[in-house]
Novice: 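Have a look at this one before I ask anything.
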There are 2 protein chains.
Amino acid sequence: MKSILKRKNISETPFRKSVLEIISDSSSAVSISYIENKLGEYNRVTLYRTIKTFLETGIIHSISIAGEDLRYAMCEDTCQQDNHIHNHLHLQCTQCNSVYCVDLPADSFINKSNHLIDSFEVHAKGVCEHCQ
Amino acid sequence: MKSILKRKNISETPFRKSVLEIISDSSSAVSISYIENKLGEYNRVTLYRTIKTFLETGIIHSISIAGEDLRYAMCEDTCQQDNHIHNHLHLQCTQCNSVYCVDLPADSFINKSNHLIDSFEVHAKGVCEHCQ
DNA sequence: CTTATATTTGCATCACAGTTGCAAATATAT
DNA sequence: ATATATTTGCAACTGTGATGCAAATATAAG
């Protein structure tokens, strides 16, 4: 089977493979600095460009939490190049601070306002499975 | 009746009053650059410090959307100094790009995962009332 | 397997957001 | 009206992310 990089039609370089592995090996969403620590030696510019490429090709999506660094997680197959909002829940654990993506069916609240909702994403705080 | 600034126990200065007025006068959440435009002449450092103070005292909260500047909106009375996550929906209009805070009752999805959810916030994309 | 072309990498350098220390100015309390 | 506490403005700094370009590497074609 073709690698993710090949499937997304971008060159398969050692650096890209390392970054992809770090992100997909983690069960929770990771920050740039987490990736930097895992990489050891690396080039800052190349890392930023790699993240940008992964975002643009729909390999990863970013999770934005007020007051914290952006975090990145693998995309589902449903993810589009131009819209990375996932209909799922982003849970940040108040104990370990990890952020998990949790699948969620489109729900009742969607029609509770006067706005027409296309896609949504829930940011939640609580205690994750592992910390309970 | 005491002003918001007095109630929150911080000095009432002309600059703070202007910034507060700009945020509370807007029906949707505003970015720093929006505030800067409205202010005309101002000091960058003072603005950042003002925003920080407002966040810390629970006067405003920030809304973080991946790939976009942070936006700020007035807090509800329920807002705490240390946790600015609101149990409400942040709707970004795909037409006008405005972000609105929409009240939302704690909902069924809260117990659909194995995590213990304390507070949540929904980021949604769609078309706002005004653009329909 | 070799070569030509396209893509990516690393370097130097820049742009910009946000922060800090400190002295002057302003707000609050007495 | 004055003393004290707080805020403001300035200059300078830090860290994140971007850009142009030449060298290195990956892919496609024979």
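We name chains A, B, ... by the order of the sequence lines, and we start the count at 1 in each one. Quick caveat, the model's predicted, so the values are computed rather than measured. Computation of the quantities below employed the complete heavy-atom set of this structure, encompassing side-chain atoms and omitting hydrogens, waters and symmetry-equivalent molecules.
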Novice: Using atom CG of B:D69 as one end and atom C1' of D:dT16 as the other, report the distance to the nearest whole Å.
Specialist: 14 Å
Novice: Whole angstroms only, please: what is the OH-P distance between B:Y42 and C:dG18?
Specialist: 11 Å
Novice: For B:R16 versus B:S11, what's the shortest heavy-atom pair and its separation?
Specialist: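 That would be NH1-O, 2.9 Å.
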Novice: D:dT7 P sits how many Å from B:E56 CD, rounded?
Specialist: 11 Å
Novice: Can you measure B:K17 atom NZ to D:dT7 atom C1' for me and round it to whole angstrom units?
Specialist: 15 Å
Novice: Can you tell me the distance, in whole Å, between the CG atom of A:L47 and the P atom of D:dG15?
Specialist: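 After rounding, the reported distance stands at 17 Å.
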Novice: Measure the shortest side-chain to side-chain distance between B:R7 and B:I4 over non-hydrogen atoms and say whether it is less than 4.5 angstrom.
Specialist: yes
Novice: Can you tell if the side chain of A:S64 reaches within under 4.5 Å of the side chain of A:L70, non-hydrogen atoms only?
Specialist: yes
Novice: Using Watson-Crick and G-U wobble pairs whose two distances are both under 3.5 Å, how do you write the pairing of DNA chain C as dot-bracket, with | for links to another strand?
Specialist: ||||||||||||||||||||||||||||||
Novice: Measure CG/B:L20 against P/D:dT7 and give the value in whole Å, please.
Specialist: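 Rounding to the nearest Å, CG of B:L20 and P of D:dT7 are 15 Å apart.
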Novice: Within the 3.5 Å criterion, strictly below it, is a donor on A:S31 or A:S33 matched to an acceptor on the partner's side chain?
Specialist: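 The answer is yes; a qualifying pair exists.
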Novice: Nearest whole angstrom, please: distance from the P of D:dT7 to the CG of B:L5.
Specialist: 10 Å
Novice: Go along nucleotides 17-30 of chain D 5' to 3' and tag each nucleotide: B for a protein heavy atom under 4.0 Å from its base, S when only backbone or sugar atoms are that close, - otherwise.
Specialist: BBBB-----SS---
Novice: A:E36 or B:R16: which one's nearest nucleotide on DNA chain D is closer to the 5' end?
Specialist: B:R16
Novice: Using side-chain heavy atoms (C-beta onward) and a distance below 4.5 Å, is A:I59 in contact with A:T53?
Specialist: no
Novice: My understanding is that only one of A:I63, A:L55, A:V99 makes a side chain to side chain contact (heavy atoms under 4.5 Å, CB included) with A:Y72; could you say which?
Specialist: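 It is A:L55, the one option of A:I63, A:L55, A:V99 that forms the side chain to side chain contact (heavy atoms under 4.5 Å, CB included) with A:Y72.
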Novice: Group every Ile, Leu, Val, Met, Phe, Trp and Tyr by side-chain heavy-atom contacts under 4.5 Å, then state whether B:I22 and B:V45 land in the same group.
Specialist: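 As far as the 4.5 Å side-chain criterion goes, B:V45 and B:I22 are not connected within one cluster.
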Novice: Applying salt bridge (charged side-chain N to carboxylate O under 4.0 Å, His left out), can you list everything that pairs with B:E68, at least two apart in sequence or on another chain?
Specialist: B:R71
Novice: Would you say B:Y48 and B:N43 make side-chain contact, with heavy atoms under 4.5 Å?
Specialist: no
Novice: In whole angstrom, give the distance that lies between atom NZ of B:K8 and atom P of D:dT7.
Specialist: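 Rounded to the whole Å, the gap is 15 Å.
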